[in-house]
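For reference, the structure discussed in these notes is given below.
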There are 2 protein chains.
Amino acid sequence: MASGRTRTIRASVWLNDRPAPKRRAEHSGPGGGAEQSAGLDHDRIVAATVRLLDAEGLTKFSMRRLAAELGVTAMSVYWYVDTKDDLLEFAVDAAAAELEVPEEGTDADWRDQLRLLAVTNRDMLVRHPWVSRLIGEYLNIGPHAMAFATAAQRVAISSGLPMEQIPGVLALVYQFVYGYGTIEGRFAARCREAGLTQDEYFSEVMATVNERPEFEESKRLMDSRPSTDIEAMRARDFEVALDCAIAGIEVLRDRARRESGQDAGR
Amino acid sequence: MASGRTRTIRASVWLNDRPAPKRRAEHSGPGGGAEQSAGLDHDRIVAATVRLLDAEGLTKFSMRRLAAELGVTAMSVYWYVDTKDDLLEFAVDAAAAELEVPEEGTDADWRDQLRLLAVTNRDMLVRHPWVSRLIGEYLNIGPHAMAFATAAQRVAISSGLPMEQIPGVLALVYQFVYGYGTIEGRFAARCREAGLTQDEYFSEVMATVNERPEFEESKRLMDSRPSTDIEAMRARDFEVALDCAIAGIEVLRDRARRESGQDAGR
DNA sequence: ACCTGAACACCGTTCAAGT
DNA sequence: ACCTGAACACCGTTCAAGT
């Protein structure tokens, strides 16, 4: 049914036969500022992709638009990149490179480290709203994403949690961060498109919602909070959520310690 | 700068001038099984949309494909729906209608209710992987989504948590569920496309990863768990995460009670 | 080795007609 | 009131040529 040769499924650029970029420009020498060099190369293409995605969003991004930005014909890019999907996977890892991970030997409290990792992740997702949409699409195993995942794992382990609970707890924290950053980033992008501040956009939507009887019950539940300064509000909610997760981790850890202590006592 | 008339931003179908479907078919009578009735109507269109999205995914979905499915020309659909975006928003709320929410007067333990809401949400996201992608896109304030959000809020409040911590904790739980369901659904869809079971796909990817030296460190950290039966593994991780969140909520609640108790004692 | 042009098989949506 | 056809301005990608 399939072709005669056993072929691994192509699940990610990073799992291709040659995981490194198709070609890498090797400058003939260090001199002569290549600022406006006409030649393309993989890094220039990925950088331009990130720039365009930030400026105009994923919806408006196209290979033709990118080519125009690079002052080149649409098909030139295909010399360096196999498909649009591959290019987007490269762009995602370029964004992941902005994540700040603690150095390996640090002795900082695991709670502080976890908070730092969460915040750096959230900030990146808000800076690059297109990343959230693509993370769901791909396997996301580029080198920088992997470095971050590894650091997160190290921090979770250093909390003293038993090994079999690590993946669940990591999922709780980082899926939360991902979802939260997604909503924030998307909302910010919407506001930019509409030419409004976040507070203005929020009160416009609220004004419309308030005219509707269908939303009565939800309104009663939502109304208890100040609607001004939506960004500060979100920062507070984010902290509460992290506090909750950290408190939960401590409970799970203590529970496990008590149980293993009992075992030892018998 | 803008047009003379003050115009609210169009942020969602549900906030349109006429939030109800553009037209609703009003059957002339109850008789005569309309099974193969040639006429379109809003509900038939949304139902066909959901069916197509489930079967072929968001990427392959198009207005032309949908029209073909309905045995109609591409532009007929536009009589009932303004844009593709509006239609997708309707489809998202149709999926949200599948969420099971506890009836209002229930006296079940809030922990059980929270777990039920989380599970029903996760299952829906896995059944309809396209929902995750669209939730990030739109405001998601359709009637069924709102009913679910309201139920979730009620459960969180019944935990005894102080009001100002409710939004943060809700974000922790439901952004986690959303992210987790997203990954699961996307992975399942990938496997279906490749014609493999989830376990087969997983071990294929793992086999490729294992050949690579770049992944050494991450492998050491991941290797500690059994790779068989990936679905059972994910169910366990999901439970651990919920346990962690619930334990965290209890801690926050007790902390707040102690503080307000102190205040009362002074 | 690197880049181009023309072409293929698609999109969402508008608009003027049809019945 | 409901549906169609032709057209516009786009897509990603292939493929045969150019230099």
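Numbered from 1 within each chain, the chains take letters A, B, ... in sequence-line order.
- Taking the side chain to side chain donor-acceptor pair (under 3.5 Å) definition, one finds that B:D123 meets it with nothing, sequence neighbours left out.
- For B:R127, the salt bridge (charged side-chain N to carboxylate O under 4.0 Å, His left out) partners at least two apart in sequence or on another chain are B:E98.
- Not counting sequence neighbours, the partners of B:D86 by the salt bridge (charged side-chain N to carboxylate O under 4.0 Å, His left out) test are B:R10.
- The separation of D:dC3 from C:dC15, taken at their C1' atoms, amounts to 14 Å, rounded to a whole angstrom.
- For residues 69-78 of chain A, the salt bridge (Lys or Arg N to Asp or Glu O under 4.0 Å) pairs, not counting sequence neighbours, are A:R51-A:E69, A:R65-A:E69.
- Here the C1' atom of nucleotide C:dC2 and the CG atom of A:L70 are 15 Å apart, to the nearest Å.
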For nucleotides 4-19 of chain C, read 5' to 3', which letter fits each nucleotide if B means a protein heavy atom sits under 4.0 Å from the base, S means only the sugar-phosphate is that close, and - means neither?
BB-B---BBBB-----
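- Pairs engaging residues 133-145 of chain B under the salt bridge (Lys or Arg N to Asp or Glu O under 4.0 Å) rule: A:R133-B:E137, A:E137-B:R133, A:R186-B:E137 [sequence neighbours left out].
- Between A:W79 and C:dC3 there is no side-chain N or O to OP1 or OP2 distance below 4.0 Å.
- Aromatic ring centres of A:F90 and A:Y80 lie farther apart than the 6.0 Å criterion allows.
- Stem regions for DNA chain C, each three or more consecutive Watson-Crick or G-U pairs with both distances under 3.5 Å and listed by first number, read C:4-8 with D:12-16, C:12-16 with D:4-8.
- Judged as a salt bridge (charged side-chain N to carboxylate O under 4.0 Å, His left out), and not counting sequence neighbours, the contacts of B:R122 are B:E184.
- Counting to the nearest Å, the C1' atom of D:dC3 and the CD1 atom of B:I45 are 12 Å from each other.
- Taking the side chain to side chain donor-acceptor pair (under 3.5 Å) definition, one finds that A:Q175 meets it with nothing, sequence neighbours left out.
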